[in-house]
Structure formats: structure tokens, C-alpha cells
Amino acid sequence: MSLKVYNSYTRQKEVFESITPGHVGMYVCGPTVSGESHLGHARPYITFDVLYRYLTHLGNKVRYVRNITDAGHFEEEGREAEDKISKKAILEKLEPMELVTKYTNLYHWAMKQFNTVDPSIEPTATGHIVEQINMIEKIISEGYAYEVNGSVYFDVKKYAANYDYGKLSGRVIDDLLETTRELDGQEEKRDRADFALWKHAAPEHIMRWKSPWGEGFPGWHIECSAMATKYLGAAFDIHGGGMDLQFPHHESEIAQSTICNHQNPVRYWMHNNMITINGRKMGKSYNNVIKLTELFSGDHPLLSQAFHPMTVRFFILQSHYRSTLDFSNDALAASEKAFKRLWEAYEILQKLVPADSNDDVIDKELDAKIVKWVAEFKEFMDDDISTPKILANMFEMAPIINSMKDGLIPSDSISAATLLQMKDQFKIYLEDIMGLQSVSVSNNEAFKAVMQLLVDIRKEAKTKKDFATSDKIRNQLAEAGILLKDEKGGEMSWSVE
RNA sequence: GGUCCUUUGGCCGAGUGGCUAGGCAAAGCUCUGCAAAAGCUUCUACAGCGGUUCGAAUCCGCUAGGGACCUCCA
């Protein structure tokens, strides 16, 4: 069985085949570093991180390109076009580059918290002005763009006459041409549907570059086309991003690249759905965002506590990437508990040792069920990255693992081969592919030694039925945030809350 | 207004026409010095109406609610 992904371009699941076997080129729209990342931003980065990990796991050499948009787009308020980054810079009395650096660092920090793998290339828009200008010149020479007063616009009407503009986003060109909205530069455009490739910079505009059309700055869509072409070629395998980017961003990208490179740039378009809050998209314009720093610290009116980045990652993986995911404090709290239980079972599993079992003692029904559940990990992943189903299967096995540890299920009731397979596949899917990791902060050797000492003392006390001492140890550790649990058979385990 | 999506048990959330996903919460029980975990059991839902079908949460239609995009947006 092979990997199938839902291609937004064709609106169906398709078998994934890369252009060059064994190599995959993947481009994902990265952040605009004019502000802090919020929960909604986390979704594509985690979703495509899992895809990247899986493609790699399948033996592909993947070049994963994720850009940083550090040149401002337009923020259209009324009729005044402003550069997002330079505007904020004035407010915060920072240099644009200082602002960009600050939020880029913060973004990298958050990605680290989520345990996402670094992209192979992380190009910045400002670092590729030359490429963008070259691309615009090419589009002009092809006859699909025109200059007006130092700005350059893409001729959508002409493009639509020869190519299917709107296919990705399901747009009808005639509708677009009738849009009545007043936008900046509208009077310069030949058609309302046209979009800017290059904008003339007003005198007060801080971010500006020299170009054949005077000083200005690039339009938003051109950066992705230019950088994707440069690092992945005229045609590449996967382009990912949030659903809200389908139009106009990705649609425009297709148009630009198609004219420039004379071919359809992307094989598989993949879009993650939105994270909602009270059923509404989380977004700046709705004023309902929860920043990642707030999430990790718990410092937000909607949050009753801080949430660990792994809880958030798990929360996101529990729903399918193409469904909306509704955020709430309760939903996240539920994920926290669930993840803890699953992870503890996983750690127990890794410590289980296969018993010398023979056909007589093996519970064949149980063994077969486990074999099936484990085999389905790949099946589910191949089915358009169905991480919720993989997790469901893992939860099916959690009680079995715990029961084996407690001796409620004899350890020789599943075959050694099955247990090894289980251990192996859990590790691959949970850690390597879904990118989950321990939330434990207790990997310090000295600390572990101290804990072992306390455990030993408590064991002695319990043997002597000195419950005052044993309770004191447990209670005071609890106050310090360390949970000590008695296991069956007199052993003790602990975890840092 | 146009285009499209969605509506699943107390909450979150999978669901490929038939064979009860899963998680959290809740209740009961078991284990246990106590506690916490853990295990077992219970809770069987698909917005409404109509249709297709031997059979529909799943397909079709209508109605109602919610949402997304059309403008910066993950």
C-alpha cells in the first residue's frame, strides 16, 4: 500500500508519486514575522512536520523549504496601503529588521518547543529580492504583467483566457472581475482581479528596494513563487499551507509560476483546516487569538492553566488536518490527560521484556488483535495522514500494556515477535513520525539519584509499617510537584507534574 | 450577494452504506495501610423532514443552524 494524500487541486485523494523517485520537494508557507505566532499558526507547521517526517521515514530524501516572510504585505485599512512591518516598527520604535529578528527568534523558539524538525532551507523574502525582480521581468516579457506608475500588476484576465485561473480555489473568473470592493491601487489596475507583483513605495515607506520600475517592494505572492522555483525547481511535488491561503495567495502563485516556467508548478497542493475558537476561525481580525507564549504560560483569560507544547501537539494530532479543530481550555485539558496516559503506557511498553512463550500459552485472539492494530499504523498514515486513527489504536493497546505490567495479563500471552513489533512500531510512529516526546524534565542524573534514595527510604518505612514516614515522603514530594505512586509488587514510580 | 464546507453521545473528536473508533468527564466495582495510578463494567450518538436501498451517520433533495473564502490571514 502506498501513501495517498488529498490534493486540493483535484479535490480528491491521490496516490503520492514524486517527480523524481526517492526525492521529494516540499514547500510550505511560513510565517509573516511581523508579530507573535498563535495557536492557529501551529497547525500547519505540526501537520507538515509529520508529513515531512513520514516521507523521510519512507526512505525519501526530502527537501523541505519553508519561507519566512519578512517584507511587509499590505494592510488595507480604508484606502490607505501600509506596510505591515514598517507600521508596527514605528509603533514599537524598532527598526524593521530588529522587529523581524525578534519575531523570527520567537517563532524558532516555539517550533523547537513543538519538536518540529528544521526545514532544509528557510529562505527569507528580503533575501530574494533579486530573484523576485527577475521573475517579474520575465512575466512582463511574457506579456502577462504591466507597469503603472512604478507598480507592476499581473494581468489576470489574460491569464484566465489561456489557463484555468481559479481551479485551485474553485473561483469563477467572471465573479472575480465583478468584485465591487475598493482597494488601494484599484484605479491603476486594468481589472479588479489583477494583483500586484511589485508596488511603488511611497516616500515614508521604510522597506524599499531599487527595481527597474523605481523604488518599491515586492507583492506578497511573488516571494513564494520565486523561492520555490529557486530551491525546488519549476515543478515540484508538494505545496502546503493553511486553507485560507488558497485564494488569492496560492492561486496567484500558480499563475505567476506557470507563466514564468511554462508548466504547472505543483503536483500536490495540501491545505490544513483552521483552528477555531467557539466555532470561529482563530485570527487576528477576529481578535480571538491565543498566542503560543500565552498557551505555554497559561497567561490568558480563557486558560485555566499552562499547557505543555507536547499537549498542544498531541491535541492537534488528535484531529484530522483537514477538519476544523475547535479549541477550548477543556479540550486541551482532556488532551493533556490523554497524552499523559498514553505516554506512560508507551514507556511501560518499552520496558516490557518478551517472555519465553509457546503456542499453548499465547492468547491468539489478543495476539492477532495487536498485530492488526500495529499494522494499521502505516495503513492510517498512508490514508492522508490519519493521525487520529493511529492514536485511537494506540489507546486500544494502552490497557493491555498496563495489564501486562501489573500481571493482569500474563506476559507470555503474546508472542515475543508481536511484542517486539509493538515496541518497535510504537517508537517509530509516536516519536519518529508524530514527533511526540516526553514532557519529563527529570533527566538529570543527580536528581534521579536523590529520588531513588527517597524511594528506598520509603520502601523501608513501609516494610516496617512506619506509615508516618512513608506518607511524609509522598506528601511532601507531592507538594513539590512530584507524584509518587505505589506499584503492585511493592515497586514505586514517580513523575514530575 | 457569489463559491464552498459543516452539523456525531455531557464535552472533544474519527468515521470508506451493513459489522458499537478513540479521548476526556460521570457512575459502579477490583486492587490497595491510605492515596494516586491502573484494570474491569456502564453511558450506543449521528440537526430536522423526505427520498434511494434489503439496509444510511455515511448517497440524493429540501429546511434550519454554524462556518470559511471572496480583503491581510496558517
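A note on names: the letters A, B, ... follow the listed sequences, proteins ahead of strands, and every chain is numbered from 1.
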Dot-bracket notation for RNA chain B, counting Watson-Crick and G-U pairs under 3.5 Å, with | for partners on another strand: (((((((..(((.....[...))).(((((.......)))))....(((((..]....))))))))))))....
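B:rU8 and B:rA21 have their C1' atoms separated by 12 Å, with the value rounded to a whole Å. Across the P atoms, B:rC29 and B:rC34 are found 15 Å apart, a figure rounded to whole Å. Look at the C1' atom in both B:rG2 and B:rG10: the space between them is 39 Å, to the nearest Å. Going from the C1' atom of B:rC62 to that of B:rC24 covers 37 Å, rounded to whole Å. Taking atom P in both B:rU32 and B:rG13, the straight-line distance is 40 Å, to the nearest Å. The gap from the P atom of B:rG55 to that of B:rG15 amounts to 27 Å, rounded to the nearest Å. Atom P of B:rU53 sits at a distance of 32 Å from the matching atom of B:rU44, rounded to the whole Å. When the C1' atom is compared between B:rU3 and B:rC11, the two are found 33 Å apart, to the nearest whole Å.
Taking 4.0 Å as the cut-off between side-chain N and carboxylate O, A:E336 and A:K340 do not count as a salt-bridged pair. Using a 4.0 Å cut-off between charged nitrogen and carboxylate oxygen, A:K459 and A:E491 count as a salt-bridge pair. Comment: A:D382 engages A:K378 in a salt bridge, judged by a side-chain N to carboxylate O separation of less than 4.0 angstrom. Between A:K462 and A:D471 there is no salt bridge, since no side-chain N of the basic residue sits under 4.0 Å from a carboxylate O of the acidic one.
With B:rG39, B:rG33, B:rC24 as the candidates, the nucleotide lying closest to the side chain of A:S403 is B:rG39. Among B:rG33, B:rC34, B:rA38, the nucleotide with an atom closest to any side-chain atom of A:R341 is B:rA38. Distance from the side chain of A:K281 is smallest to B:rC69 among B:rC69, B:rC34, B:rG33. Comparing B:rA37, B:rC12, B:rC72 by their nearest atom to the side chain of A:S285 picks out B:rC72.
Among the protein residues, A:S319 comes within range of the sugar-phosphate backbone only, with heavy atoms under 4.0 Å from sugar or phosphate atoms but none that close to a base. Using a 4.0 Å heavy-atom cutoff across all strands shown, A:I275 reaches at least one base atom of the nucleic acid. Counting any heavy atom pair closer than 4.0 Å across all strands shown, A:K405 reaches no nucleic acid atom. A:D471 comes within contact range of at least one nucleobase, with a heavy-atom separation under 4.0 Å. Note on A:M282: a base of the nucleic acid sits closer than 4.0 angstrom, heavy atoms only. A:M394 comes within 4.0 angstrom of no nucleic acid atom, judged by non-hydrogen atoms across all strands. As judged by a 4.0 angstrom heavy-atom cut-off over every strand, A:A392 is placed among the base-contacting residues. Within the 4.0 angstrom heavy-atom criterion, only backbone atoms of the sugar-phosphate kind lie near A:F395; the bases stay farther away. Backbone-only contact: A:G241 has heavy atoms under 4.0 Å from sugar-phosphate atoms and none from a base. Across all strands shown, A:R171 has heavy atoms under 4.0 Å from base atoms, whether or not it also approaches the sugar-phosphate. Within 4.0 Å (heavy atoms only), A:N393 reaches no atom of the nucleic acid at all. Within the nucleic acid shown, A:Y286 comes within 4.0 Å of sugar-phosphate atoms alone, with no base atom in reach, counting heavy atoms only. Note on A:R280: only backbone sugar-phosphate atoms sit closer than 4.0 angstrom, heavy atoms only; bases stay farther off. At the heavy-atom level, A:L332 lies nowhere under 4.0 Å from the strands shown.
Stacking of A:Y45 onto the six-membered ring of B:rA74 is not present when judged by under 5.5 angstrom between centres and under 30° between planes.
With hydrogens and angles ignored, no donor-acceptor pair closer than 3.5 Å exists between the side chain of A:D406 and the base of B:rC31. For a distance-only test at 3.5 Å, the side chain of A:R43 fails to qualify as a donor-acceptor partner of the base of B:rA74. Not a single donor-acceptor contact under 3.5 angstrom links the side-chain atoms of A:R192 to the base of B:rC70.
Centroid-to-centroid, the aromatic rings of A:H250 and A:H271 come within less than 6.0 Å. Taking the six-membered ring wherever Trp is involved, the centroid distance between the rings of A:Y346 and A:F339 does not fall below 6.0 Å. For an aromatic pair to be called close, the ring centres must be under 6.0 Å apart, and A:W109 with A:F296 satisfies this. With ring centers used as reference points, A:Y268 lies 6.0 Å or more from A:Y9.
In this structure, A:F247 atom CZ and B:rC72 atom C1' are separated by 14 Å, rounded to whole Å. The OH atom of A:Y346 sits 24 Å away from the P atom of B:rA37 (whole-angstrom rounding). One atom, CG of A:N329, and another, P of B:rC24, lie 17 Å apart when rounded to the nearest Å.
Around the CD atom of A:E365, the shell of radius 6.0 Å holds no more than 12 heavy atoms that belong to other residues, nucleotides or ligands. By the neighbour-count criterion of 12 heavy atoms within 6.0 Å, atom CG of A:N278 is sparsely surrounded, having that number or fewer from other residues, nucleotides or ligands.
Closest-nucleotide positions on RNA chain B for A:K337 and A:E344 were compared, and the one nearer the 5' end corresponds to A:K337. Looking at which nucleotide of RNA chain B each of A:P248 and A:E396 is closest to, the 5′-most match is held by A:E396.
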